[in-house]
Amino acid sequence: MADECRHAAGVRLVKPSALGCEDCLKQGGWWVHLRLCRTCGHVGCCDDSPSRHATAHFRDTGHPVIEGYDPPEGWGWCYVDEVFLDLGDNTTPQDGPIPKFV
Ligand SMILES: [Zn+2]
Ligand SMILES: [Zn+2]
Ligand SMILES: [Zn+2]
């Protein structure tokens, strides 16, 4: 499936911008799952979260590939091609602990 996506080759090693969703932490929001931008390291939240910051980040920047990031699960998603990518060992370690909401 990865060969349908030209962006997989552009995935970078990034430094996560925050321990949790960067924008939710600023706004006092909450999230369900975290998504890490593999172009710039922006940490956002998934589409099951109220604010969907990862998708918003893609719309703002065009950065195509995110990684499932809670914890790193070894898969990525390309917003442009709408395909899952197998990242294998090419995942980003978490600094942790992830801020959690009760
Ligand atoms: Zn792609
Ligand atoms: Zn968020
Ligand atoms: Zn980005």
Side-chain angles (χ1 to χ4, degrees):
M1 66 184 169
D3 55 14
E4 294 170 17
C5 171
R6 290 176 296 109
H7 309 93
V11 162
R12 294 180 196 162
L13 287 176
V14 294
K15 181 165 171 43
S17 60
L19 293 178
C21 174
E22 190 177 326
D23 299 305
C24 283
L25 289 173
K26 276 182 205 150
Q27 296 163 10
W30 58 277
W31 60 83
V32 179
H33 295 296
L34 295 175
R35 302 290 180 249
L36 173 70
C37 172
R38 288 299 298 266
T39 301
C40 73
H42 174 271
V43 181
C45 49
C46 71
D47 283 354
D48 293 326
S49 308
S51 302
R52 303 180 179 186
H53 285 125
T55 299
H57 177 71
F58 164 68
R59 282 204 216 98
D60 286 348
T61 62
H63 295 165
V65 177
I66 49 94
E67 173 183 349
Y69 193 57
D70 50 329
E73 291 162 340
W75 60 268
W77 170 257
C78 176
Y79 282 111
V80 177
D81 298 305
E82 300 190 325
V83 291
F84 283 102
L85 307 173
D86 183 0
L87 296 175
D89 293 332
N90 183 14
T91 57
T92 310
Q94 259 171 344
D95 294 331
I98 303 172
K100 279 286 177 193
F101 299 92
V102 282

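Indexing begins at 1, ligand by ligand and atom by atom, following the structure's order.
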Reference residue His57; test side chain to side chain donor-acceptor pair (under 3.5 Å); the match among Arg35, His63, Glu22:
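Only one of Arg35, His63, Glu22 forms a side chain to side chain donor-acceptor pair (under 3.5 Å) with His57, namely His63.
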
Residues Leu25, Trp31; criterion side chain to side chain contact (heavy atoms under 4.5 Å, CB included); working and verdict = CA-CA 10 Å; Leu25 289 173; Trp31 60 83; 4.1 Å; yes

Starting from the Zn ion (ligand 1), look over the N/O/S atoms of Asp81 and name the nearest one.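 The closest N, O or S atom of Asp81 to the Zn ion (ligand 1) is OD2.
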
#### Entry: Nearest to the Zn ion (ligand 1) - the N/O/S atom of His7, by atom name
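Nearest N/O/S atom of His7: ND1.
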
So CG of Leu87 and CD of Glu67: to nearest 0.5 Å the spacing works out to 5.5 Å

Quick check: of its N, O or S atoms, which one does His53 have closest to the Zn ion (ligand 2)?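 Looking only at N, O and S atoms of His53, the one nearest the Zn ion (ligand 2) is named ND1.
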
Taking the Zn ion (ligand 3) as the vertex, what is the angle from NE2 of His57 to ND1 of His63, given to 10 degrees?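 Value, to the nearest 10 degrees: 110°.
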
- Between Phe84 and Trp75, how do the two ring planes meet: parallel, tilted or perpendicular, split at 30° and 60°?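 The arrangement is perpendicular - the two ring planes meet at more than 60°.
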
- Message: To check your reading of the site, what angle at the Zn ion (ligand 1) do SG of Cys78 and SG of Cys5 form, to 10°?
- Response: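 Approximately 110° at the metal, rounded to tens of degrees.
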
Check your understanding: Does a side-chain heavy-atom distance below 4.5 Å link Cys40 with Val14?
Key -> no

